[in-house]
Structures are given as structure tokens and as C-alpha cells.
Amino acid sequence: MKISRKKRNILFAGAISCAMLFGIGNTMAYFTENSVQTNVFTTGDLDIGLKETSWDPEEKDGKNMYPGYTVYKNPTVKNITSGKNGDEPCYVRMSIDILDSQGAPVADSQALNLIYKTIYFDKTFNGSYDKKDGTGTGLIQDHIPGYNLAQLAAYPMVNPLWVKDTTRSTASRLVFNYMGEKGNGIFNIGEESTLFTNIVIPTDWNQTEMQKVGNYQLKVTAQAIQSKGFATQSEAYRMLDEEIKGGTLQEVDRSNEN
């Protein structure tokens, strides 16, 4: 990741995002090249990566969805800082922007509530940042006849290591802060974590639900800021918000990189 430096080298922050368009009964779907690393914001030496190794747009993932449709989708963030300047622990947050086919935030509350019910985390999923074609034994891709809402109730929306940021979240933008197994939010060099693992259309749905949901996008963004120099995670995120709001962080388009 090319690092954009600022005079205030004390602050290290980064963000990357990826987006997909789901087609309900259509062949409308797209994803960024390599499914990763578009819209990067960095300063200093911190470097994070975001991959979705089990999502394959070439295999028509996300196209022509129907009741019972199940596909692996594993947005995974990793602290890929080189370590040449020593340890670089950080705090990481990820957001899910729920957008319509034109890229505008979905405003219909009924549609949003249905879309929430398509995102799940299966702890048995064995994919990773570098492992392609991960699989799970709980929610299985292309499982016949699929899963109903009663079965899906056993699975959380996101990895329990991530906690919803109720202050920053909105109906169409869900923000989750990484807390980790220790609960301190520290994300060390080489550490990685997956936010969710599957997109599932419940078998309970009929044409009414499918039409209400329509074609939608999920834009997943990962942001990180160094943990050193901050007393708390919330203090670090407030600083990151200020840097983003003030335009200090520069956007680097990496959509054409391999």
C-alpha cells in the first residue's frame, strides 16, 4: 500500500473499501478488481489490507439470488504493516453501507430490515485473508434447499469479536469496532479478522420480500488508526473522525492494481 505522508507523522490511519451489487432475479452484479483495495486513506506507516477471498464475481456470486440462495462472502481485514519501524498495533473498525443499485443509501426501513437478515457470520468458516475458497460446516454455499429464518437465528450478523458502534451507525450504515478476544481492541501486525462470512436469502421469503429488497449493494470499508499515543479506543476514533472530516487523509484509488 503506497503511504501518503503528512507533516503530523504522529497519526497513522488507513481505510480501504469494497462493494458488491446483488441482483434479485437479474444478472446485475459487480465487484472491484480482485475484490479488494479501492479507496485507500493512509498517513504514516500503518498499513491494512481488506480481502474477500471466497467471493468470486466471475462465478456470478451475488447474481440472480432467490429464496434459499447461500454464498460465501468474507470481508477480512489484516494489519499488513511491515514492522520495519517496530510494532504498529492499531484500532480497526469496519462499516457496511447498504446502497441501492445506483449507489445511494437505501432509505426504505422495510427493505433495510430485510437486508439485515441476509448477512451472517458462521464461526466454522475456515477462509482467511490469504486463503481462497474457504468453506464452512454451518452455513454451506449452494446448500439445498437453503436455510429458513428459524435456522438462521442461530447465527449472528457479524463476528462476536466486533461490536456495533451505536453512536456512528445509521440505518443504512452499520459500523463495527474490533474488540478482539481480550476486549481491548488492539489489532497487532499480522493479525486478521473476518466481519461476516455469508450472504443468505431465507427460504421463508416469497415474491413480496424479494421485490421489496430489489437490487442492492453492500459496501464494506475498513479503517484503522494507531493505538499508540491514545488513552482509549474511543479517543483514537474521535481523532480519526476529525482527520477524515477535515480532509487530512488523502484518497488513493487502487482499483486498477493487482
Side-chain angles (χ1 to χ4, degrees), residues 17-32 35 38-39 52 54-75 94-122 125 136 138-160 162-176 194-222:
S17 67
C18 49
M20 62 184 176
L21 176 65
F22 292 109
I24 305 297
N26 276 268
T27 56
M28 295 179 62
Y30 71 87
F31 198 64
T32 57
S35 304
T38 60
N39 303 324
E52 295 182 320
S54 293
W55 172 262
D56 190 351
E58 297 301 322
E59 293 297 323
K60 298 184 178 180
D61 285 352
K63 296 181 180 179
N64 295 324
M65 299 197 301
Y66 50 85
Y69 180 93
T70 304
V71 66
Y72 294 130
K73 178 76 172 169
N74 63 317
M94 295 180 75
S95 61
I96 305 172
D97 286 288
I98 304 173
L99 312 173
D100 63 23
S101 60
Q102 303 303 311
V106 173
D108 187 286
S109 60
Q110 291 183 337
L112 285 168
N113 286 328
L114 289 171
I115 293 170
Y116 297 159
K117 293 182 175 66
T118 68
I119 304 169
Y120 295 94
F121 174 76
D122 175 12
F125 181 78
L139 299 176
I140 302 171
Q141 181 167 284
D142 298 327
H143 179 69
I144 302 297
Y147 303 95
N148 60 40
L149 288 170
Q151 293 171 308
L152 293 170
Y155 298 90
M157 172 185 273
V158 301
N159 187 336
W162 297 77
V163 175
K164 185 177 180 180
D165 189 327
T166 56
T167 300
R168 294 177 175 84
S169 293
T170 65
S172 61
R173 187 170 197 265
L174 307 178
V175 181
F176 298 91
T194 300
L195 185 62
F196 59 88
T197 60
N198 295 78
I199 299 297
V200 184
I201 304 298
T203 57
D204 312 67
W205 285 13
N206 56 33
Q207 193 66 20
T208 300
E209 285 86 0
M210 299 299 284
Q211 289 180 346
K212 173 60 69 172
V213 168
N215 296 331
Y216 66 99
Q217 300 182 57
L218 296 181
K219 179 181 179 182
V220 181
T221 302

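Not measured: the values here are computed from a predicted model. Both backbone and side-chain heavy atoms feed into the values below; hydrogens, waters and symmetry mates do not.
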Polar side chain donor-acceptor pair, Thr118 to Tyr216, under 3.5 angstrom: yes
Pairs where residues 145-156 contributes a residue and the test salt bridge (charged side-chain N to carboxylate O under 4.0 Å, His left out) is met, not counting sequence neighbours: none
Expected output: side-chain Tyr155 to main-chain Ile119 donor-acceptor under 3.5 Å: no
Arg173 and Pro105, any side-chain heavy atoms less than 4.5 Å apart: no
Main-chain N/O of Gly138 paired to Asp122 side chain as donor or acceptor, under 3.5 Å: yes
For the student: nearest non-hydrogen atoms of Ile199 and Phe196, plus distance: CD1-CE1, 4.0 Å
Listed partners of Ser54 passing side chain to side chain donor-acceptor pair (under 3.5 Å), at least two apart: none
For Asp204, side-chain contact (heavy atoms from CB on, under 4.5 Å) partners two or more places apart: Asn148, Leu149, Pro202
Over all atoms of both residues, closest heavy-atom pair of Ser172 and Val106: CB-O, 3.5 Å
Results of ring-ring contact (aromatic ring centres under 6.0 Å, His included) for Tyr120 - residues two or more places apart only: none
Results of side chain to side chain donor-acceptor pair (under 3.5 Å) for Asn198 - residues two or more places apart only: none
Student check: side-chain heavy atoms of Ile140 and Thr70 closer than 4.5 Å: no
Ile201 vs Met210, side-chain contact (heavy atoms from CB on, under 4.5 Å): CA-CA, chis, key distance, verdict: CA-CA 9 Å; Ile201 304 298; Met210 299 299 284; 3.8 Å; yes
Closest contact, heavy atoms only, Gly103 versus Gln217: N-NE2, 3.3 Å
Leu218 and Ile98, any side-chain heavy atoms less than 4.5 Å apart: yes
Residues forming a salt bridge (charged side-chain N to carboxylate O under 4.0 Å, His left out) with Asp165, sequence neighbours excluded: Arg168
Inter-residue atom distance Asn113.CG - Asp108.CG, 0.5 Å rounding: 9.0 Å
Partner residues of Trp205 under the ring-ring contact (aromatic ring centres under 6.0 Å, His included) criterion, sequence neighbours left out: none
OG1-NZ distance between Thr194 and Lys73, expressed to the nearest 0.5 angstrom: 12.0 Å
With Phe176 via side-chain contact (heavy atoms from CB on, under 4.5 Å) - residues at least two apart: Ile96, Met157, Val158, Trp162, Lys164, Leu174, Leu195
Pairing residues for Gln110 by the side chain to side chain donor-acceptor pair (under 3.5 Å) criterion, not counting sequence neighbours: Lys212
Shortest non-hydrogen separation from Lys219 to Leu99 and the atoms involved: CB-CD1, 4.1 Å
His143 and Tyr147 aromatic ring geometry - parallel, tilted or perpendicular at 30°/60° bounds: parallel
Sequence neighbours excluded, every pair satisfying salt bridge (charged side-chain N to carboxylate O under 4.0 Å, His left out) that has a member inside residues 145-159: none
Side chain proximity check, Leu139 to Leu152, heavy atoms < 4.5 angstrom: yes
Residues forming a side-chain contact (heavy atoms from CB on, under 4.5 Å) with Ala171, sequence neighbours excluded: Leu112, Tyr116
Rounded distance [0.5 Å steps], CD in Gln102 versus CG in Asn215: 9.5 Å
Salt bridge (charged side-chain N to carboxylate O under 4.0 Å, His left out) pairs, two or more places apart, involving residues 142-155: none
Val71 and Trp55, any side-chain heavy atoms less than 4.5 Å apart: yes
